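Here is the structure we will look at, set down as structure tokens.
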Amino acid sequence: MKPLRIGNFSGFYGDRFDALREMLTGGELDVLTGDYLAELTMLILGRDRLKDPAAGYARTFVRQLEDSLGLAHERGVRIVTNAGGLNPAGLAARVRELAGRLGLTVRVAHVEGDDLTAALPGILGPAAAGARPANALAAHAYLGGFGIAACLRAGADVVVTGRVTDAALVTGPAAAHFGWQPGEYDRLAGAVVAGHVLECGAQATGGNYAFFAEHGIERLRHPGFPLAEIHVDGSCVLTKHPGTGGIVDVGTVTAQLLYETGGACYAGPDVTARLDTVRLSQDGPDRVRVEGVRGQAPPPTLKVGLNRLGGFRNEVTFVLTGLDIERKADLVRRQMEDALRAAPKPPGEVRWDLVRTDRADADTEETASALLRLVVRDQDPEAVGRAVGAAAVELALAGYPGFHVLAPPGNGAPYGVFEAAYVPQDVVEHVAVLDDGRRVPVPPPQDTRALDAVPEPPLPEPLPPGPVRRAPLGRVAGARSGDKGGDANVGVWARSQDGWRWLAHELTADRFRELIPESRTLRVTRHVLPNLRAVNFVVEGILGGGVAARHRFDPQAKGLGEWLRSRHLDIPEALL
């Protein structure tokens with residue numbers, strides 16, 4: 001049976017606008033998928049909908065279709081996207097209007113059932129205890145791919161969803177094309193792995209890649225977007241259109257496989273994919289074969305993303321230049337804390353971070369300067385508003401020598417908090433809404449399996465003793481990191497079997513805590529994935545309330561892996 005060619009044109013809300021047209025004109029495709037929804041995006045769309053009840057979807061997608069819907073229709077490429085966000089029915093209506101205006105006959109279907117906000121706090125229990133209307137909390141279940149499959153089997157040309165798993169954008173079309181049914185776990189798991197690699201667009205084709213410099217800057221100036229050739233058995237080949245920029249090799253695919261994952265079990269609504277069974281091999285230039293993926297019954301619960309207003313925050317960054325950096329920081333901290341304590345409504349949370357970007361005898365003022373960041377949070381906007389800015393400004397002529405700030409202090413702004421909850425699969429009414437208005441219920445899976453801890457696999461034989469040299473970890477290992485709510489993951493992989501023999505024994509959870517001091521008081525769990533020659537670390541709580549809460553300098557942990565790679569260890573000379 002001919003493989004199904006599924007491409008990606010968006011990895012997030014704000015990705016490259018022209019990617020949809022680039023993918024349609026770059027080569028043969030059957031389906032194009034667009035992923036727009038991250039945890040932060042749901043909060044952004046929620047704010048949009050508070051202002052306009054007809055909003056709540058990714059408006060960029062409509063503008064992209066204005067340029068490309070006719071081309072997709074002409075070439076017979078079906079489009080599947082979660083750009084519907086909080087309002088998939090509204091976006092589906094907009095797409096129909098656009099098709100009519102362009103004179104196209106396009107069947108548009110959408111998927112409903114993910115929005116559980118109206119059921120709060122009932123079905124979510126204690127997890128939604130803070131679900132007061134003033135918190136503007138929204139709750140959306142992560143649906144699987146069979147609603148998408150029902151839409152495509154009924155002839156839809158465009159399928160719009162709300163919150164589904166990222167991989168569902170691929171498992172749905174694959175199930176529809178090959179006739180897969182619930183319970184075909186190995187095939188579905190293979191499609192989940194393909195979907196996980198495709199979901200972040202150019203991250204699979206050299207974007208954000210640890211070893212980017214080896215491939216040349218020119219090749220990565222404009223990376224193409226990825227596509228998967230999926231076979232009936234669930235195996236696939238990951239590639240990109242001929243002549244496009246970027247690189248697809250075992251390294252880029254490994255990096256994306258490790259992104260925002262945990263242990264060996266990658267759970268979803270339709271199947272739990274076993275990442276410890278994935279086998280990768282180079283299948284030619286810019287072609288990576290993925291096979292051997294095993295799956296098992298999905299868990300009995302669905303993940304639900306809770307987005308709520310966490311409170312209000314304000315931020316001031318003081319610039320400290322030249323000598324006595326620590327003393328200057330101490331002075332302004334004491335002055336500001338005195339002023340904040342004297343305010344009518346002192347903020348409930350005050351956090352200081354001194355970033356030593358300065359260096360001695362610098363030849364520019366910027367490189368002679370450090371940054372001292374003050375962040376305040378409170379449930380009351382007045383506590384983090386004008387009083388904070390006024391206190392900082394009043395020190396302009398009464399503070400440390402060289403006093404200035406990066407930007408004038410503003411009023412406090414709201415911030416969001418993401419939390420995860422879980423509900424039984426059978427309480428969610430998953431529905432495919434076809435172009436003619438018919439509603440097709442999608443039943444929950446008949447068989448489920450609770451997630452069990454996977455026994456740690458045996459480690460390879462360690463390297464024999466030999467001379468070592470102090471060097472950055474990144475000389476011999478790649479890494480990619482990301483966020484899941486308040487947690488972060490850092491996947492680290494070796495580039496050779498000998499490198500894996502060293503890495504598996506050297507980079508333990510304790511060594512990770514040593515190298516990343518921010519994690520020393522946190523729970524760090526290591527997962528071993530021998531087929532990928534990788535270890536994956538989950539650091540719980542390092543991101544506080546998640547990206548919208550902006551708890552740390554890098555709120556999505558995007559650079560955490562690169563920081564780890566820059567740390568020095570004693571590395572066997574044979575690997576260097």
Side-chain angles (χ1 to χ4, degrees), residues 4 6 30-34 36-37 49 53-58 61-62 65 69 72-73 76-119 140-165 167-184 188 191 268-270 302 423-446:
L4 178 70
I6 302 182
D30 300 304
V31 179
L32 257 179
T33 65
Y36 290 79
L37 299 185
R49 201 168 190 186
Y57 53 80
F61 175 66
V62 180
L65 279 189
L69 184 58
H73 185 66
V77 177
R78 296 163 122 179
I79 296 175
V80 179
T81 179
N82 60 15
L86 276 64
N87 188 9
L91 178 55
R94 283 291 308 277
V95 175
R96 291 189 190 97
E97 292 171 7
L98 174 63
R101 181 155 42 89
L102 296 175
L104 302 173
T105 302
V106 175
R107 290 164 293 186
V108 184
H110 71 276
V111 176
E112 293 181 351
D114 62 298
D115 190 350
L116 303 182
T117 307
H140 291 264
Y142 289 71
L143 302 180
F146 281 101
I148 295 170
C151 294
L152 293 171
R153 286 169 177 159
D157 302 301
V158 177
V159 180
V160 171
T161 78
R163 179 77 276 184
V164 295
T165 64
L169 300 177
V170 171
T171 60
H177 180 78
F178 294 117
W180 297 342
Q181 299 299 316
E184 298 188 56
L188 289 167
D270 303 318
L302 289 179
V423 299
Q425 290 229 32
D426 58 8
V427 307
V428 175
E429 296 182 4
H430 189 176
V431 179
V433 184
L434 307 184
D435 184 62
D436 60 8
R438 283 182 295 148
R439 300 176 65 84
V440 179
V442 180
Q446 292 185 347

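Sequential numbering from 1 along the given sequence is applied to the chain's residues. Since the model is a prediction, treat every value here as computed from it, not as a measurement.
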**OP:** Look up atom OG1 in Thr171 and atom CD1 in Ile6, then write down how far apart they are to the nearest 0.5 Å.
**Re:** 9.0 Å
**OP:** State, with a plain yes or no, whether a side-chain heavy atom of Phe146 is found less than 4.5 Å away from one of Leu188.
**Re:** yes
Original post:
Do Pro182 and Gln446 come close enough that some side-chain heavy atom pair is under 4.5 Å?
Top reply: no
Determine all donor-acceptor pairs shorter than 3.5 Å in which one atom belongs to a side chain in residues 84-93; sequence neighbours excluded.
unit_1 : atom_1 : unit_2 : atom_2 : d
Asn87  : OD1    : Gly90  : N      : 2.9
Asn87  : ND2    : Ala54  : O      : 3.2
Asn87  : ND2    : Ala55  : O      : 3.2

Original post:
Name the one of Val111, Asp114, Thr81 that satisfies side-chain contact (heavy atoms from CB on, under 4.5 Å) with Thr161?
Top reply: Val111
**OP:** Step by step, work out the side-chain contact (heavy atoms from CB on, under 4.5 Å) result for Phe178 and Glu184.
**Re:** CA-CA 11 Å; Phe178 294 117; Glu184 298 188 56; over 6 Å; no
Original post:
To the nearest 0.5 Å, how far apart are CZ in Arg101 and CG in Leu69?
Top reply: 10.5 Å
Subject >> Side-chain touch Pro173/Ile148, heavy atoms, less than 4.5 angstrom >> reply: yes
**OP:** Drop me the distance from Asn82's CG to Leu37's CG, to the nearest 0.5 angstrom.
**Re:** 3.5 Å
Donor-acceptor list for residues 429-438 side chains, cut-off 3.5 Å, not counting sequence neighbours:
unit_1 : atom_1 : unit_2 : atom_2 : d
Asp435 : OD1    : Arg96  : NE     : 3.1
Asp435 : OD1    : Val108 : N      : 3.0
Asp436 : OD1    : Arg438 : N      : 3.0
Asp436 : OD1    : Arg438 : NE     : 3.3
Asp436 : OD2    : Arg438 : NE     : 2.8
Asp436 : OD2    : Arg438 : NH2    : 3.3

**OP:** Verify, without hydrogens or angle tests, whether Asp270 (side chain) and Gly145 (backbone) share a donor-acceptor contact under 3.5 angstrom.
**Re:** yes
Subject >> Whether Asp157 side chain and Arg107 backbone form a donor-acceptor pair below 3.5 Å >> reply: yes
**OP:** Give the intermediate values and the outcome of side-chain contact (heavy atoms from CB on, under 4.5 Å) for residues Arg78 and Val159.
**Re:** CA-CA 8 Å; Arg78 296 163 122 179; Val159 180; over 6 Å; no
Original post:
Where do Ala83 and Tyr57 come nearest, in terms of heavy atoms and distance?
Top reply: O-CB, 3.3 Å
**OP:** Return yes when atom CZ of Arg94 has more than 12 non-hydrogen atoms of other residues, nucleotides or ligands closer than 6.0 Å, and no otherwise.
**Re:** no
**OP:** Measure the shortest side-chain to side-chain distance between Leu143 and Pro269 over non-hydrogen atoms and say whether it is less than 4.5 angstrom.
**Re:** no
Subject >> Pairwise distance NE2(His177) to CG(Leu152) - rounded to 0.5 angstrom >> reply: 11.5 Å
Original post:
Distance from Ile79 atom CD1 to Leu169 atom CG, nearest 0.5 Å?
Top reply: 12.5 Å
